[in-house]
Amino acid sequence: MKTTIVEAIDYHKNDFYDISIYIGENPELGHEEFKACKVLTDTLKKHDFAVEIGTLGLATAFTATFDSGKQGPTIGFMAEYDALPEVGHACGHNLIGTMGIAAGIGLSKVLKETGGKIIVFGTPAEETKGGKVTMAEAGLFDALDVAMMVHPLDNYVKSGASLAMDAIQFEFFGKSAHAAASPHMGINALDAVLQTFNSINALRQHVTSDARIHGVITEGGKAANVVPDYAVAQFYVRAAKREYVNELVEKVKKCAAGAALQTGAKMEASFYEFSYDDMITNHTLSETFTKELVSLGVKEEEIFSQKDGTGSLDMGNVSQVVPAIHPYIKICNEAYACHTHEFREAAMSDQAREAMILGAKSMALTAFEVLTNKELLAKIKEEFKQQKQ
């Protein structure tokens with residue numbers, strides 16, 4: 001049956017190539033991925049998946065289900081397809097979305113024999129609002145036995161950690177005045193922002209090494225001779241664990257509150273993007289994926305272990321409710337960083353498309369093991385239970 005899965009993905013690989021190119025050439029920002037959503041769901045429908053578009057009221061989200069009608073585990077594949085401003089698909093989401101449906105389609109060809117269910121989730125806006133956050137909060141992943149996705153990179157890297165993150169905004173309200181004639185009549189909102197940055201810079205001495213706090217000033221006044229009466233700063237607060245992010249956010253809020261007190265401005269704090277939880281890799285599931293990757297021709301010494309999580313993923317929110325993995329597949333030979341023009345071009349290359357097919361096969365074969373090996377699934381679930389405790 002594994003041969004059937006591999007052959008099915010190979011048989012349709014030109015279709016998958018075309019989809020990845022189409023999405024890559026038509027980049028759409030988060031919650032605007034209408035073209036990507038349509039081409040992915042149209043393909044799933046052709047392969048007898050029952051498709052719901054607009055899941056949870058998210059216009060470009062989808063849920064595609066293939067049910068064997070027999071008892072068995074439920075497998076979740078995650079598809080991402082949003083692009084970045086200006087640089088387009090510089091994170092390779094054109095490959096991720098296509099990999100997700102390719103894995104689901106390949107596995108569906110044996111599901112009547114194995115039993116169980118496949119659900120491909122179309123998860124929009126990973127780069128910003130995090131569609132998986134909304135889906136996880138609504139309980140969409142609760143019925144899954146495992147969840148997986150594969151991300152492109154310049155190397156093969158095992159699934160590891162990611163940083164939990166909160167995105168917090170501080171608005172400061174002061175009082176305008178002529179900066180030369182009557183500065184004493186004003187309350188400088190920009191000064192409050194600058195004091196907030198200074199306080200946070202001092203706070204950085206007293207945080208753990210995994211923590212990251214970085215921000216920008218989005219509003220700082222309109223003219224140099226007018227005391228700014230409105231200023232805004234936005235920060236990402238990250239750390240290895242959600243609990244520590246929660247603690248850090250309270251300290252950052254106090255930095256802003258202190259700045260408001262110093263300057264006389266009023267301050268309002270709000271979260272301007274969704275909160276991402278840290279990624280909990282299920283190592284039993286990860287080892288199974290690595291084994292299948294090797295069975296398809298990748299040398300073990302070419303697959304690296306992730307040392308530390310540096311970015312933040314909404315897949316982290318998925319991993320909090322179901323055993324999950326987020327490994328990386330090699331799409332280029334140069335050490336291109338994600339979110340760059342170079343990585344965007346790499347994600348449109350022949351090498352990237354071949355890697356995409358390899359990633360899809362590895363996910364589908366991993367899922368096959370979960371469907372057919374009860375001892376493996378029990379071990380995966382026991383590990384997840386221990387991790388959550």
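Computation of the quantities below employed the complete heavy-atom set of this structure, encompassing side-chain atoms and omitting hydrogens, waters and symmetry-equivalent molecules.
Separating the OG1 atom in Thr288 from the CG atom in Asn282 is a distance of 8.5 Å, to the nearest 0.5 Å. Of the inter-residue distances, the one linking Ile168 atom CD1 with Tyr272 atom OH reads 10.0 Å to the nearest 0.5 angstrom. Note that CE of Met135 and CG of Asp142 are 13.0 Å apart. Values are rounded to the nearest 0.5 Å. In this structure, Met267 CE and Glu171 CD are separated by 10.5 Å, a value rounded to the nearest 0.5 Å. Atoms NZ and CG, from Lys70 and Leu111 in turn, are 9.0 Å apart once rounded to the nearest 0.5 Å. Distance check: Leu293 CG to Ile303 CD1 gives 4.5 Å after rounding to the nearest 0.5 Å.
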Ring pair (Phe, Tyr, Trp, His ring centres under 6.0 Å), that's the test. Do Phe172 and Tyr230 meet it? Break it down for me.
CA-CA 6 Å; Phe172 294 93; Tyr230 180 67; 9.5 Å; no
Applying side chain to side chain contact (heavy atoms under 4.5 Å, CB included) to Phe121 and Val318, what does each step give before you reach the verdict?
CA-CA 11 Å; Phe121 291 95; Val318 180; over 6 Å; no
Could you give me the CA-CA distance, side-chain angles and deciding distance for His214 and Arg238, then say whether side chain to side chain contact (heavy atoms under 4.5 Å, CB included) is met?
CA-CA 9 Å; His214 41 99; Arg238 308 183 200 240; 3.1 Å; yes
Chi angles and distances behind the side chain to side chain contact (heavy atoms under 4.5 Å, CB included) call for Thr43, Ile105
CA-CA 9 Å; Thr43 305; Ile105 289 167; 3.9 Å; yes
Assess whether side chain to side chain contact (heavy atoms under 4.5 Å, CB included) is satisfied between Ile217 and Leu194, documenting all intermediate values.
CA-CA 9 Å; Ile217 300 171; Leu194 297 177; 4.1 Å; yes
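At least one donor-acceptor pair closer than 3.5 Å links the side chain of Glu33 to the backbone N or O of Ala125. Looking only at distances, a side-chain donor or acceptor of Gln387 sits under 3.5 Å from a matching main-chain atom of Thr281. A donor-acceptor pair is defined here as one N or O able to donate and one able to accept, closer than 3.5 Å; such a pair exists between the side chain of Gln306 and the backbone of Ala161. The closest donor-acceptor contact from the side chain of Thr98 to the backbone of Ile19 lies at 3.5 Å or more, if one exists at all. When atom types are taken as modelled, the side chain of Asp145 and the backbone of Thr74 share a donor-acceptor pair closer than 3.5 angstrom. Panel note: side chain Asp82, backbone Glu127; a donor-acceptor pair is recorded below 3.5 Å. Although no hydrogens or angles enter the test, the distance criterion places a donor-acceptor pair under 3.5 Å between the side chain of Arg242 and the main chain of Met165. Here the side chain of Lys266 pairs no donor or acceptor atom with the backbone of Ala260 at under 3.5 angstrom. Between the Asn373 side chain and the Glu369 main chain, no donor and acceptor come within less than 3.5 Å of each other. Although no hydrogens or angles enter the test, the distance criterion places no donor-acceptor pair under 3.5 Å between the side chain of Ser286 and the main chain of His283.
Relative ring orientation between His47 and His12 is described as perpendicular, the plane-to-plane angle rising above 60° on a 0-90° scale split at 30° and 60°. Using cut-offs of 30° and 60° for the angle between ring planes, the His151 and His93 rings count as perpendicular.
Contact check for Lys132 versus Tyr276: no side-chain heavy atoms found under the 4.5 Å cut-off. Contact annotation: the side chain of Leu296 approaches that of Leu365 to within less than 4.5 Å [non-hydrogen atoms, C-beta and beyond]. Between Leu40 and Ile23, the closest side-chain pair of non-hydrogen atoms falls below 4.5 Å. Here the side chains of Ile5 and Leu107 are in contact, with some heavy-atom distance below 4.5 Å. The shortest distance between side-chain heavy atoms of Tyr81 and Ile96 does not fall below 4.5 Å. Annotation: side chain of Glu334 is not in contact with side chain of Phe343 (no heavy-atom distance under 4.5 Å). Put simply, the side chain of Val370 reaches to within 4.5 Å of the side chain of Leu285, judged on heavy atoms. A 4.5 Å side-chain heavy-atom check between Ile187 and Asp229 finds every atom pair outside the cut-off.
Checked against the 6.0 Å centroid criterion, the rings of Phe197 and Phe170 do not qualify as a close aromatic pair. Ring-centre distance between Tyr328 and His326: below the 6.0 Å cut-off. If you look at Phe304 and Tyr156, their ring centroids are not closer than 6.0 Å.
When the shell of 6.0 Å around NZ of Lys385 is examined, it contains 12 or fewer heavy atoms from other residues, nucleotides or ligands. Remark: Lys35 NZ is loosely packed, at most 12 non-hydrogen atoms of other residues, nucleotides or ligands lying under 6.0 Å away. Surrounding CZ of Phe34 are more than 12 heavy atoms belonging to other residues, nucleotides or ligands, all under 6.0 Å away. Enclosure of atom NZ in Lys117 is not indicated, since only 12 or fewer non-hydrogen atoms of other residues, nucleotides or ligands lie within 6.0 angstrom. Heavy atoms from other residues, nucleotides or ligands lying under 6.0 Å from NZ of Lys2 number more than 12. Under a cut-off of 6.0 angstrom, the local environment of CD in Gln386 is crowded, with over 12 non-hydrogen atoms contributed by other residues, nucleotides or ligands.
Met279 and Leu163 are assigned to two separate hydrophobic clusters, defined by single-linkage of ILVMFWY side chains at heavy-atom distances under 4.5 Å. Cluster annotation: Leu358 is connected to Phe289 through the hydrophobic network of ILVMFWY side chains, with a link wherever side-chain heavy atoms come within less than 4.5 Å. Under a hydrophobic clustering in which Ile, Leu, Val, Met, Phe, Trp and Tyr are joined whenever their side-chain heavy atoms come within less than 4.5 Å, directly or via other members, Met149 and Ile331 fall into different clusters. By the criterion of side-chain heavy atoms lying less than 4.5 angstrom apart, applied directly or through intervening Ile, Leu, Val, Met, Phe, Trp or Tyr residues, Phe384 is not grouped with Leu377; the two fall into different hydrophobic clusters.
In terms of heavy-atom proximity, Ala265 sits nearest to Ala192 at CB-CB, 4.3 Å. Between Ala103 and Ala360, the closest heavy-atom pair is CB-O, 3.5 Å. Between Cys91 and Cys338, the shortest heavy-atom contact is SG-CB, 4.3 Å. Looking at every heavy atom in both residues, Thr196 comes nearest to Ala256 through OG1-CA, 3.6 Å. Residue Gly215 comes nearest to Phe235 through the heavy atom pair CA-CD2, 3.5 Å, listed as atom of the first residue, atom of the second, then distance. Of all heavy-atom pairs spanning Met363 and Met99, the tightest one is CE-O, 3.7 Å.
Using modelled atom types, one finds no donor on one side chain facing an acceptor on the other under 3.5 Å when comparing Ser20 with Asn94. No side-chain donor-acceptor contact under 3.5 Å links Thr65 and Asp67.
Ion pairing of Asp10 with Lys361 is present here, as a side-chain N (NZ or NE/NH1/NH2) and a carboxylate O approach within less than 4.0 Å. Ion pair Lys222/Glu219 flagged as a salt bridge, since at least one NZ, NE, NH1 or NH2 atom sits closer than 4.0 Å to an Asp/Glu carboxylate oxygen. Ion pairing between a basic and an acidic side chain is recognised when a charged N comes within 4.0 Å of a carboxylate O; Glu250 and Lys254 show no such pairing.
Paired with Thr284 under the rule side-chain hydrogen bond (donor to acceptor under 3.5 Å, both in side chains), one option of Lys379, Glu383, Glu382 passes, and it is Glu383.
Evaluation of the salt bridge (charged side-chain N to carboxylate O under 4.0 Å, His left out) test over residues 335-352, restricted to residues two or more places apart or in two chains, returns Asp350-Arg353.
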